Engineer: 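Below you'll find the structure I mean.
Worth saying up front: this structure is predicted, and the values here are computed from it rather than measured. Because only heavy atoms are used, hydrogens play no part in the values below, and waters and symmetry mates are left out as well, while side chains stay in.
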Amino acid sequence: QVQLVESGGDLVQPGDSLRLSCAASGRTFSSDIMGWFRQAAGKERAFVAGIHWSSGRTWYADSVKGRLTISRDTAKNTVYLQMNSLKPEDTALYYCAQGDALAVQARGVMAHTGYPYWGQGTKVTVSS
């Protein structure tokens, strides 16, 4: 049974930093891609960042390049999203997702439909 548990969401002010964590269990295949997506109120779920579990190759949405960084700790089976210089538009529910790299890439790393496994989400609110 695959389980993804996100944590680290909080209410912060613009310009602050946060680090989100996603603890994975039940499936830690080296050929998987881990992704972070976010969904703001009234909007569709959107890709934020992705990382290949074994190679460490990363992908980012243009809107977050330079501010958000995805990383993983293979010993802890945990993926992180370091979020710097947060803006009000970063406010959203952040989800962790996991899927086989070939299947994910066949649909495009940024497409949420390629990831069969999802966490419950962690809420990030950026407000002054």
Side-chain angles (χ1 to χ4, degrees):
Q1 182 77 14
V2 176
Q3 189 171 20
L4 301 174
V5 179
E6 304 96 333
S7 61
D10 205 349
L11 169 62
V12 297
Q13 295 187 341
D16 285 353
S17 296
L18 271 180
R19 188 177 79 159
L20 306 183
S21 299
C22 171
S25 61
R27 175 188 172 102
T28 53
F29 295 161
S30 61
S31 59
D32 279 4
I33 288 176
M34 305 294 293
W36 281 101
F37 288 75
R38 65 187 180 187
Q39 188 164 17
K43 295 187 177 182
E44 293 187 355
R45 193 167 299 191
F47 174 81
V48 176
I51 188 166
H52 191 283
W53 190 261
S54 60
S55 72
R57 180 185 175 185
T58 57
W59 298 264
Y60 292 96
D62 287 343
S63 61
V64 306
K65 284 180 180 177
R67 294 191 304 117
L68 275 57
T69 303
I70 190 171
S71 62
R72 88 277 191 235
D73 185 330
T74 55
K76 296 182 178 180
N77 291 340
T78 300
V79 177
Y80 303 99
L81 185 67
Q82 178 66 42
M83 309 171 69
N84 297 329
S85 302
L86 283 162
K87 305 176 181 179
E89 50 263 44
D90 293 317
T91 295
L93 191 59
Y94 283 72
Y95 296 93
C96 178
Q98 183 174 4
D100 173 79
L102 290 178
V104 168
Q105 291 178 307
R107 293 175 180 262
V109 175
M110 299 185 182
H112 66 85
T113 53
Y115 299 81
Y117 308 110
W118 291 84
Q120 294 301 306
T122 186
K123 186 171 178 61
V124 173
T125 304
V126 185
S127 175
S128 56

Engineer: Determine, stepwise, if the pair Tyr95 / Leu4 fulfils side chain to side chain contact (heavy atoms under 4.5 Å, CB included).
Structural biologist: CA-CA 9 Å; Tyr95 296 93; Leu4 301 174; over 6 Å; no
Engineer: Sequence neighbours excluded, which residues qualify as side-chain contact (heavy atoms from CB on, under 4.5 Å) partners of Leu11?
Structural biologist: Thr125, Ser127
Engineer: Evaluate side chain to side chain contact (heavy atoms under 4.5 Å, CB included) for Val12 paired with Met83, printing each intermediate quantity in order.
Structural biologist: CA-CA 11 Å; Val12 297; Met83 309 171 69; over 6 Å; no
Engineer: Check whether any side-chain heavy atom of Glu6 lies under 4.5 Å from a side-chain heavy atom of Leu20, and answer yes or no.
Structural biologist: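 Not touching, per the 4.5 Å side-chain cut-off.
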Engineer: So which residues get pulled into Leu102's cluster when ILVMFWY side chains under 4.5 Å apart are joined, directly or through others?
Structural biologist: none
Engineer: For residues 112-128, pull every pair meeting salt bridge (Lys or Arg N to Asp or Glu O under 4.0 Å), keeping only residues two or more places apart or in separate chains.
Structural biologist: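 For residues 112-128: none.
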Engineer: Assess the residue pair Val64 and Arg38 against the criterion (side chain to side chain contact (heavy atoms under 4.5 Å, CB included)); give the C-alpha distance rounded to whole Å, side-chain angles, the decisive distance to 0.1 Å, and a yes or no.
Structural biologist: CA-CA 12 Å; Val64 306; Arg38 65 187 180 187; 4.0 Å; yes
Engineer: With clusters defined by side-chain heavy atoms of hydrophobic residues (ILVMFWY) lying less than 4.5 Å apart, directly or transitively, does Phe47 cluster with Leu93?
Structural biologist: yes
Engineer: What distance do Gln105 atom CD and His52 atom NE2 have between them, rounded to the nearest 0.5 Å?
Structural biologist: 6.5 Å
Engineer: Would you check if Asp100 and Ser31 make a side-chain contact, meaning some heavy-atom pair closer than 4.5 Å?
Structural biologist: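 In contact.
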Engineer: Mind jotting down which residue pairs meet the ring-ring contact (aromatic ring centres under 6.0 Å, His included) criterion with at least one end in residues 102-128? Sequence neighbours excluded, please.
Structural biologist: Phe37-Tyr115, Phe37-Trp118
Engineer: Write down the atom of Pro14, the atom of Ser128, and the distance for their closest heavy-atom approach.
Structural biologist: CD-N, 3.7 Å
Engineer: What's the spacing between Gln120 CD and Cys96 SG if we round to 0.5 Å?
Structural biologist: 11.5 Å
Engineer: Please check if Val124 and Tyr60 belong to a single hydrophobic cluster, counting links between Ile, Leu, Val, Met, Phe, Trp and Tyr side chain heavy atoms closer than 4.5 Å.
Structural biologist: yes
Engineer: What residue among Leu68, Thr122, Thr69, Leu18 forms side chain to side chain contact (heavy atoms under 4.5 Å, CB included) with Leu81?
Structural biologist: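 Only one option passes, and that is Leu68.
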Engineer: For the side chain of Thr91 and the backbone of Val126, is there at least one donor-acceptor N/O pair under 3.5 Å apart?
Structural biologist: yes
Engineer: Between atom CD of Gln98 and atom CE of Met34, what is the distance when rounded to the nearest 0.5 Å?
Structural biologist: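 Here the interatomic distance stands at 4.0 Å.
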Engineer: The criterion is side-chain contact (heavy atoms from CB on, under 4.5 Å); which residues satisfy it with Thr74, sequence neighbours excluded?
Structural biologist: Trp53, Arg72
Engineer: By salt bridge (charged side-chain N to carboxylate O under 4.0 Å, His left out), which residues pair with Lys65, not counting sequence neighbours?
Structural biologist: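 Once residues adjacent in sequence are excluded, the partners of Lys65 under the salt bridge (charged side-chain N to carboxylate O under 4.0 Å, His left out) criterion are Asp62.
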Engineer: In Å and rounded to the nearest 0.5 Å, what is the CG to CD1 distance from Asp32 to Ile51?
Structural biologist: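 Here the rounded value is 12.5 Å.
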Engineer: Please report the closest heavy-atom contact between Ser17 and Ser85, naming both atoms and the distance.
Structural biologist: OG-N, 4.3 Å
Engineer: Under 4.5 Å between side-chain heavy atoms, hopping through other hydrophobics if needed: is there a path connecting Val48 to Val79?
Structural biologist: yes
